[in-house]
Amino acid sequence: MQRLKTILKKHGSWEPYNEYIVRIEGYAATDFSLCIENSKALLEGVSKEVCAKKGIALEKASSMSGCLKTAFKALGYPSSSTILQIGTAIANVGQQMGNFRNEIGTTAHGKTVEELQKRQNSIHELTGNFLIEATSIVCCFLIEAFETDKPLKPIEDEIDYEENESFNDFWDEQYGEFAMGDYSFFASEVLFSNDPKAYKNELTAFEMMPKDEGNNVE
């Protein structure tokens, strides 16, 4: 699922879905029913997020198929479009994934020894790989389609501590040094190291101050 990981990182607001990927990959070799359950949750989650971002309400208790179909429609594909038809087919695969999860799951209902053995026989490596890759492909498409007309997550400009001597002196003059045993650090160093975003905000505010208030620090 490396491509999906890359896309989640590329479009930062989607990164929390990495949680499902960790579970999917973690359970793939040990308990495939949990792997499928998290694959289904990932598909549903991405579909619902697309709908939410587009302001499209889902029907209550909407099925996996319903979530996916609505997500494709939310992206603006007309009913006659090939993309939506493909999306519908994919939605059907997603629905069957949910059914497969119910068939092999061990926790939803108690199972006899024979049922547990049949469950193990039904989980073929090729089937598992197909379902995982299908999940990844669909999620990649939905996210990329949604983000097509949006800029990527902005990369914050790096700040060089040594290049902001005036601000550092100003900050240190106000807050001094922090001692920890045999070690001591200037306030500006502590701020820069522990919260770069706060450092940048304070630096910006300092640069906007009238010169007689801040920028005259010797």
Side-chain angles (χ1 to χ4, degrees), residues 1-31 34-35 37-55 71 75 132-133 135-218:
M1 304 187 83
Q2 186 56 47
R3 181 165 179 263
L4 179 56
K5 292 179 184 178
T6 300
I7 289 175
L8 294 180
K9 185 176 181 179
K10 177 181 175 182
H11 304 292
S13 66
W14 299 86
E15 282 195 279
Y17 285 109
N18 271 315
E19 180 177 336
Y20 290 112
I21 296 177
V22 171
R23 295 175 187 170
I24 291 168
E25 293 180 336
Y27 290 127
T30 58
D31 192 334
L34 292 176
C35 179
E37 183 172 341
N38 281 279
S39 296
K40 179 176 180 289
L42 176 59
L43 277 173
E44 283 185 353
V46 171
S47 299
K48 289 178 178 179
E49 184 67 10
V50 168
C51 293
K53 288 178 180 291
K54 288 290 187 179
L75 291 171
I132 291 174
E133 287 306 312
T135 298
S136 178
I137 290 169
V138 177
C139 289
C140 287
F141 178 86
L142 288 173
I143 295 171
E144 288 283 68
F146 175 82
E147 296 287 346
T148 296
D149 298 323
K150 296 179 59 181
L152 302 183
K153 180 183 179 182
I155 300 175
E156 293 198 10
D157 296 332
E158 292 187 5
I159 299 176
D160 189 330
Y161 175 81
E162 300 296 337
E163 291 183 356
N164 296 289
E165 185 176 352
S166 295
F167 169 70
N168 295 337
D169 289 343
F170 168 76
W171 197 258
D172 295 339
E173 186 175 278
Q174 290 192 79
Y175 301 106
E177 295 183 58
F178 292 86
M180 290 175 282
D182 295 331
Y183 305 96
S184 64
F185 301 91
F186 288 110
S188 59
E189 294 177 314
V190 175
L191 183 63
F192 181 83
S193 299
N194 288 278
D195 196 338
K197 185 175 181 180
Y199 180 93
K200 182 177 181 179
N201 291 339
E202 294 295 341
L203 173 62
T204 300
F206 171 78
E207 291 173 341
M208 295 177 64
M209 292 170 57
K211 291 187 179 298
D212 59 350
E213 290 187 32
N215 291 354
N216 287 335
V217 175
E218 295 293 331

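For reference, positions follow the sequence shown, starting with 1. Quick note: numbers below take in every heavy atom, side chains included, and nothing from hydrogens, waters or symmetry partners.
The salt bridge (charged side-chain N to carboxylate O under 4.0 Å, His left out) check on E49 picks up K53, with sequence neighbours excluded. Residues passing the salt bridge (charged side-chain N to carboxylate O under 4.0 Å, His left out) test with E165, sequence neighbours excluded: none. Scanning for ring pair (Phe, Tyr, Trp, His ring centres under 6.0 Å) contacts around F167 gives W171, Y199, F206, with sequence neighbours left out. Taking the salt bridge (charged side-chain N to carboxylate O under 4.0 Å, His left out) definition, one finds that E202 meets it with nothing, sequence neighbours left out. For F178, the ring pair (Phe, Tyr, Trp, His ring centres under 6.0 Å) test picks out no residue, with sequence neighbours left out. The side-chain hydrogen bond (donor to acceptor under 3.5 Å, both in side chains) check on S184 picks up E177, with sequence neighbours excluded. F186 is linked by a ring pair (Phe, Tyr, Trp, His ring centres under 6.0 Å) to nothing, counting only residues two or more places apart in sequence or in another chain. Considering only residues two or more places apart in sequence or on other chains, N164 meets the side-chain hydrogen bond (donor to acceptor under 3.5 Å, both in side chains) condition with none of them. With sequence neighbours left out, K54 forms a salt bridge (charged side-chain N to carboxylate O under 4.0 Å, His left out) with no residue at all. With sequence neighbours excluded, no residue satisfies side-chain hydrogen bond (donor to acceptor under 3.5 Å, both in side chains) with S47. For E44, the side-chain hydrogen bond (donor to acceptor under 3.5 Å, both in side chains) test picks out K40, with sequence neighbours left out. For the ring pair (Phe, Tyr, Trp, His ring centres under 6.0 Å) test, no residue two or more places apart in sequence or in another chain qualifies with F185.
Checked by atom type and distance alone, the side chain of N38 never pairs as donor or acceptor with a backbone atom of R23 at under 3.5 Å. No donor-acceptor pair closer than 3.5 Å links the side chain of N168 to the backbone N or O of E189. Judged purely by atom type and a 3.5 angstrom limit, N194 has no side-chain atom pairing as donor or acceptor with the backbone of L191. Not a single donor-acceptor pair under 3.5 Å links the side chain of Y17 to the backbone N or O of L8.
A salt bridge links E144 with K10: the closest approach of a Lys/Arg side-chain nitrogen to an acidic carboxylate oxygen falls below 4.0 angstrom. Ion pairing of K5 with E25 is present here, as a side-chain N (NZ or NE/NH1/NH2) and a carboxylate O approach within less than 4.0 Å.
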